[in-house]
Colleague: 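The structure's right below; bear with me while I get my questions together.
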Amino acid sequence: MRHTGRLQGKAPMTRPIVTRFAPSPTGMLHIGGVRTALFCWLFARRHGGRFILRIEDTDLSRSTDDNIRIIEEGMAWCGLDWDEGPVVGDPSAWTGPHGPYRQMQRMDRYRARIQDLLDQGLAYRCRCDREALALRRTAVEKAGKVFQYNRGLDAGKGCAEAGHDASQAAAIRFRMPVGGDIVVRDLIKGDTRFPADSLDDWIIARTGDGPGEIGVPTYNFCVVVDDTQMEVTHVIRGDDHLNNTPKQIPLFEAFGYDLPAFAHVPMILGADGAKLSKRHGATSITEYQAMGLLPSAVRLALARLSWTPKIDGKAVESAEEELLTDAQMIQLFDLDDCQKSAARFDMDKLQWINQKLIQRSPWQELEPHLRPFLPAAWAEKPKAWRARAIQCTQKGKSLKDMAEALTFAFVRPETFEGAEKFLTPLVLPALREVRALTDYSHEGLEAAFTDLLARHGLKTKDLAQALRVALCGKPVSPGIYDTLLLVGPEEVAARLARWL
RNA sequence: GGGGCUAUCGUCUAGGGGUCAGGACACCGCCCUUUCACGGCGGUAACACGGGUUCAAAUCCCGUUAGCCCUACCA
């Protein structure tokens, strides 16, 4: 077992747990990224550790401040608060002792480390130009072999022997170990061995601006520098990075650092099993927000993909147990209970969770989330009215559904085709009396209805449906007493007028 | 091509030598009902394939197949 760190797989207990989420600001915040962040967050919270947000913006062509703000806001909406990282809305500020937390602002650190490696002979300058490299690559591949820089079939053909001009600008390559296996001890995937000879001397810094200059370092290099310097104990990331780990491990060792523990979490797939993309519907976290989902529902649904919470060693066994609170999730979260395989995104389950969470939330908690879906007039309504409005629509699947179910309270309805089917001559006399009702308490309305129904020989259904149609413009609304109450006596009279 | 990861109901999964293969979502049916819902009860439905090992395999081993990842001076 060569190239394995002494502490790999178990972080030293003397250090507090530190996890980090390190997205690239290249567009929207992807739901898969949020899930990875969620696992990091849950793990840190579970162990009373710190959670770092770090921005990997070394891809100059795609990284923008706007994209960074999208990440920050998405994380914030999801309730994934970070202990160290950028400050929302201020590109030059950060919180935490290991800043800055944007890689492009950390260049001097990277260059210093690269210089160290160069001085120790652990890395070297490479002046092969890309065309020449491409030529060699195709030649080797044509022969059915694998092109690996300075390795395998290409062994001994590195720059040193190629006699390149030292006055040229150069990229920097890291000298990888030869022979044996590099083993990654992964908390989710288990031990995985990679033949060291399947990897080559990879580029840690792009070609610099001039001779002796060190260019922008690459991703695999920056991560290692950052993770060590930020004292990350548990690298929890997408399993697309599993293959990068054997490249990074020798770097940790070259720096003389203990290895962090690794946990590669499976990806989230679309409903058809393909990589989750736009054509599957929502991929950006902001779309979930717009759908009327509660952040807590998104958290639970995402967490339950590839994670089975175990209570006293037993997997959750009922709908009731499935509905974990954040506190329970944090208390229960364990990398041991994570799946190795990718999971398909299940929108039905998300919606079910959302519905259940809406049902069991106090109306005051729901209101701020519901507010963006409601008309401005909402704010002017009395507290008791708002409470009733929310409570009688808490059966909805989403905040959007709830808001839609309440539109009748704000807009006078149009009539519709077939309204007469409900507003028959038989119910009109009763409707006329409803117009005069003044006691709008639930009990008052119920008593009045009982009396009305008896005297006019109607069934509850007849009157209720007629009222729904006249008041809401459709035969669907909350309970009829609630509907009346939310519309209010004057408006009820006004809306009824056209039918009488 | 090389290296790596993965594989139980439609979906998320439990189970890791002997289970009627369990649960949740979805779906279907019944009940409740002033509409739509909610709720209650019940039901359909799975070990990718082929070889081993074993008295016994979903479970262990080896193949195969399929999907994905890495193989960039992207991250």
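Lettering of chains follows the sequences in order, A, B, ..., and the numbering in each one begins at 1. Just so it is clear, the model here is predicted, and its values are computed rather than measured.
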Colleague: Report which part of the nucleic acid A/His241 touches: base, sugar-phosphate, or nothing (heavy-atom distance under 4.0 Å, all strands).
Modeller: base
Colleague: Strictly below 4.0 Å, N to O, side chains only: are A/Asp462 and A/Lys459 in salt-bridge contact?
Modeller: no
Colleague: For A/Lys397 and for A/Ala315, find the nucleotide of RNA chain B with the closest heavy atom, then tell me which residue's nucleotide is more 5'.
Modeller: A/Ala315
Colleague: Can you check whether A/Arg304 has a side-chain N or O nearer than 4.0 Å to OP1 or OP2 of B/U11?
Modeller: no
Colleague: Identify whether the distance between the nearest side-chain nitrogen and carboxylate oxygen of A/Asp239 and A/Lys189 falls below 4.0 Å.
Modeller: yes
Colleague: Check for a donor-acceptor pair, side chain of A/Asp200 on one end and backbone N or O of A/Tyr149 on the other, with a separation under 3.5 Å.
Modeller: yes
Colleague: Report, one pair per line, the protein and nucleotides 45-50 of chain B atoms (nitrogen or oxygen only) whose separation is under 3.5 Å.
Modeller:
none

Colleague: Check the phosphate of B/C69 against A/Lys275, side-chain N and O only, distance under 4.0 Å to OP1 or OP2. Yes or no?
Modeller: yes
Colleague: Assess whether a salt bridge exists between A/Lys356 and A/Glu322, defined as any Lys/Arg side-chain N lying under 4.0 Å from an Asp/Glu carboxylate O.
Modeller: no
Colleague: Determine: side-chain N/O of A/Ser306 to OP1/OP2 of B/U13, distance under 4.0 Å, yes or no.
Modeller: yes
Colleague: Using a heavy-atom cut-off of under 4.0 Å over every strand shown, decide if A/Phe449 touches base, sugar-phosphate, or nothing.
Modeller: nothing
Colleague: If only side-chain N and O atoms of A/Lys349 are considered, is one of them under 4.0 Å from the OP1 or OP2 phosphate oxygen of B/U13?
Modeller: no
Colleague: Taking N or O atoms only and anything under 3.5 Å, show me the protein contacts with nucleotides 3-6 of chain B, one pair per line.
Modeller:
| from | atom 1 | to | atom 2 | distance (Å) |
| --- | --- | --- | --- | --- |
| B/G3 | N2 | A/Asn243 | OD1 | 2.7 |
| B/C5 | O2' | A/Lys189 | NZ | 2.8 |

Colleague: Applying ring pair (Phe, Tyr, Trp, His ring centres under 6.0 Å) as the test, list every pair that has at least one member in residues 333-359 of chain A; sequence neighbours left out.
Modeller: A/Phe39-A/Phe333, A/Tyr288-A/Phe345, A/Trp307-A/Phe333
Colleague: Ignoring the backbone of A/Ile480, work out which of B/U34, B/A75, B/C25 is nearest its side chain.
Modeller: B/U34
Colleague: Say you pick atom P in B/A58 and the same atom in B/C47; how far apart are they, in whole Å?
Modeller: 10 Å
Colleague: Nucleotides 39-44 of chain B: which of its N/O atoms have a protein N/O under 3.5 Å away?
Modeller:
| from | atom 1 | to | atom 2 | distance (Å) |
| --- | --- | --- | --- | --- |
| B/G39 | OP1 | A/Lys356 | NZ | 2.4 |

Colleague: Which label fits B/C25, syn or anti, where anti is any glycosidic angle not within 90° of 0?
Modeller: anti
Colleague: Determine: side-chain N/O of A/Lys247 to OP1/OP2 of B/C69, distance under 4.0 Å, yes or no.
Modeller: no
Colleague: Any side-chain N or O of A/Arg206 below 4.0 angstrom from OP1/OP2 of B/A75?
Modeller: yes
Colleague: Can you tell which of B/C12, B/U34, B/C69 lies closest to the side chain of A/Asp240?
Modeller: B/C69
Colleague: Polar atoms only, N or O, under 3.5 Å: list the protein pairs with nucleotides 16-21 of chain B and their distances.
Modeller:
none

Colleague: Between A/Ile214 (CD1) and B/C73 (C1'), how many Å, whole number?
Modeller: 14 Å
Colleague: Can you tell which of B/U34, B/C38, B/U13 lies closest to the side chain of A/Thr308?
Modeller: B/U13
Colleague: Heavy atoms only, 4.0 Å cut-off, all strands: where does A/Lys310 land among base, sugar-phosphate and nothing?
Modeller: sugar-phosphate
Colleague: Students often get this wrong, so: under 4.0 angstrom with heavy atoms, is A/Asn244 touching a base, only sugar-phosphate, or nothing?
Modeller: base
Colleague: Please work out if A/Asn220 contacts a base, only the sugar-phosphate, or nothing of the nucleic acid, heavy-atom cut-off 4.0 Å.
Modeller: base
Colleague: Go ahead and name the base partner of B/C60; Watson-Crick or wobble counts if both distances stay under 3.5 Å, otherwise write none.
Modeller: B/G52
Colleague: Can A/Arg102 and A/Asp65 be said to form a salt bridge (Lys or Arg N to Asp or Glu O under 4.0 Å), step by step?
Modeller: CA-CA 11 Å; A/Arg102 291 173 60 165; A/Asp65 282 358; 2.9 Å; yes
Colleague: Quick one: do A/Lys310 and A/Asp334 satisfy salt bridge (Lys or Arg N to Asp or Glu O under 4.0 Å)? Show the steps, please.
Modeller: CA-CA 9 Å; A/Lys310 302 266 179 80; A/Asp334 192 335; over 6 Å; no
Colleague: Can a donor-acceptor pair under 3.5 Å be found between the side-chain atoms of A/Arg468 and the base atoms of B/U34?
Modeller: yes
Colleague: Which protein N or O atoms sit under 3.5 Å from an N or O of nucleotides 59-64 of chain B?
Modeller:
none

Colleague: Can you figure out which of B/U34, B/A24, B/A75 approaches the side chain of A/Ala319 most closely?
Modeller: B/A24
Colleague: For RNA chain B, whose closest nucleotide is more 5', that of A/Ala274 or that of A/Pro478?
Modeller: A/Pro478
Colleague: Answer yes or no: does a side-chain N or O of A/Gln339 lie under 4.0 Å from OP1 or OP2 of B/A7?
Modeller: no
Colleague: Any side-chain N or O of A/Thr58 below 4.0 angstrom from OP1/OP2 of B/A75?
Modeller: yes
Colleague: Please determine, for the side chain of A/Glu322, which listed nucleotide (B/C38, B/U34, B/G23) has the closest atom?
Modeller: B/G23
